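Only a predicted model underlies this, so the values are computations on that prediction, with no experimental measurement involved.
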Amino acid sequence: MKRAITVITDNFSDWETALINSTCRGYYGFDVRFAAPQGAPVISSSGMLVTPQLPIEAILLDEIDLLIICGGTAWQTEHAPNISGLVADAHRKNIVVAGICDGTRVLAQAGVLDNCRHTSNSAENLSSVSGYRGAACYQDVPYAVADQRVVTAPGSAPVSFMTEILAMLGISDSNIQAYQAMHAAEHSKPA
């Protein structure tokens, strides 16, 4: 069984990782867990109260296959947990590391984006991150980018974020296209 942990903070953008977590758990039988600072309950941007299964500080990298950093406004504040070491260690251990929206800022801070193709909400969003050296690898695209076991996406791309993560984990079956079509059907309507 594959194991995934999604890091969430107060005011996390709940829609950004809903598809990947639901699909992994419901369709592929993953052990899906959520971690927050000190394991405390957090409130999403829509007001949903979430009690995580574990504190960020208790994440054991040897026990997971996927580490997701959910976006949210906390990542641009001084109250954001410093998980750069955790993210860098996960990448070194060949764990798939994924960040969406401002979650990409965490990957940038950890140095994970320095030498792989990636995206975010904008190039400017990452250029303000201390220590970010990956500007030459930035892709200005509206969908997820996967490279070197790292998946990044703007906050507006949760569907391609889901499909790129699954592909990175070696899950490629006929259901993936059906899930992608189902979740992104509104984008295929003629103008």
Side-chain angles (χ1 to χ4, degrees), residues 1-9 12-42 44 46 48-72 75 81 83-104 106-107 110 112-113 116-119 143-153 155 157-184:
M1 170 188 312
K2 292 202 184 297
R3 298 152 301 177
I5 292 180
T6 298
V7 174
I8 55 177
T9 58
F12 73 97
S13 299
D14 44 28
W15 73 90
E16 293 175 347
T17 60
L19 293 176
I20 184 61
N21 284 308
S22 179
T23 300
C24 285
R25 183 175 179 272
Y27 296 110
Y28 294 105
F30 281 36
D31 175 17
V32 173
R33 297 182 185 200
F34 295 85
Q38 292 84 49
V42 294
S44 75
S46 70
M48 179 173 53
L49 177 64
V50 176
T51 302
Q53 287 93 349
L54 71 155
I56 292 170
E57 303 79 13
I59 294 174
L60 300 175
L61 294 177
D62 292 337
E63 297 179 358
I64 64 171
D65 303 289
L66 169 62
L67 180 64
I68 302 171
I69 312 303
C70 187
W75 297 118
I83 60 170
S84 296
L86 175 73
V87 171
D89 288 347
H91 189 246
R92 275 192 291 278
K93 289 179 177 272
N94 212 29
I95 294 167
V96 174
V97 176
I100 186 166
C101 190
D102 279 349
T104 61
V106 179
L107 277 59
V112 171
L113 304 182
C116 71
R117 292 179 308 108
H118 61 275
T119 193
Y143 48 82
V145 172
D147 189 26
Q148 301 177 42
R149 298 192 62 81
V150 175
V151 180
T152 54
V159 177
S160 61
F161 188 62
M162 172 192 68
T163 58
E164 290 295 340
I165 290 171
L166 292 172
M168 189 72 63
L169 290 168
I171 299 172
S172 178
D173 60 27
S174 60
N175 292 325
I176 301 288
Q177 285 118 7
Y179 301 148
Q180 186 172 10
M182 175 177 63
H183 294 306

Checklist line | Interatomic distance, Asp62 atom CG to Ile95 atom CD1 [nearest 0.5 angstrom] | finding: 7.0 Å
Check: For the atom pair OG1 (Thr152) and NE2 (His118), what is the distance rounded to the nearest 0.5 Å?
Finding: 6.5 Å
Next item on the list: Indicate yes or no for a side-chain donor-acceptor contact from Glu16 to the backbone of Pro158 under 3.5 Å, with no hydrogens or angles considered.
Entry: no
Check: Minimum heavy-atom separation for Gly99 to Leu107, with atom names?
Finding: N-CD2, 3.8 Å
Check: Once you round to the nearest 0.5 Å, how far does CE of Met48 lie from CH2 of Trp15?
Finding: 11.0 Å
Notebook entry, point to check: Where do Gln180 and Val159 come nearest, in terms of heavy atoms and distance?
Noted result: CG-CG1, 3.8 Å
Next item on the list: Rounded to the nearest 0.5 Å, what's the gap from CD1 on Ile68 to CG on Asn21? Could you check?
Entry: 4.5 Å
Notebook entry, point to check: Can you check side chain to side chain contact (heavy atoms under 4.5 Å, CB included) on Cys116 and Val145, steps first, answer last?
Noted result: CA-CA 10 Å; Cys116 71; Val145 172; over 6 Å; no
Check: Which pairs, with at least one residue in residues 26-35 and sequence neighbours excluded, count as a side-chain hydrogen bond (donor to acceptor under 3.5 Å, both in side chains)?
Finding: Tyr28-Asp173, Asp31-Arg33
Next item on the list: Given side chain to side chain contact (heavy atoms under 4.5 Å, CB included), test Phe161 with Thr17 step by step and report yes or no.
Entry: CA-CA 8 Å; Phe161 188 62; Thr17 60; 4.3 Å; yes
Checklist line | Working for side chain to side chain contact (heavy atoms under 4.5 Å, CB included), residues Leu67 and Val7 | finding: CA-CA 8 Å; Leu67 180 64; Val7 174; 4.0 Å; yes
Checklist line | Separation between CD1 of Ile20 and CD1 of Ile165, rounded to the nearest 0.5 Å | finding: 4.5 Å
Checklist line | Side-chain donor or acceptor of Arg149 paired with backbone N/O of Asn94 under 3.5 Å | finding: yes
Notebook entry, point to check: CH2 of Trp75 to SG of Cys101: how many Å apart, nearest 0.5 Å?
Noted result: 12.0 Å
Next item on the list: Give a yes or no on whether the backbone of Arg3 and the side-chain of Asp65 come within a donor-acceptor separation of less than 3.5 Å.
Entry: yes
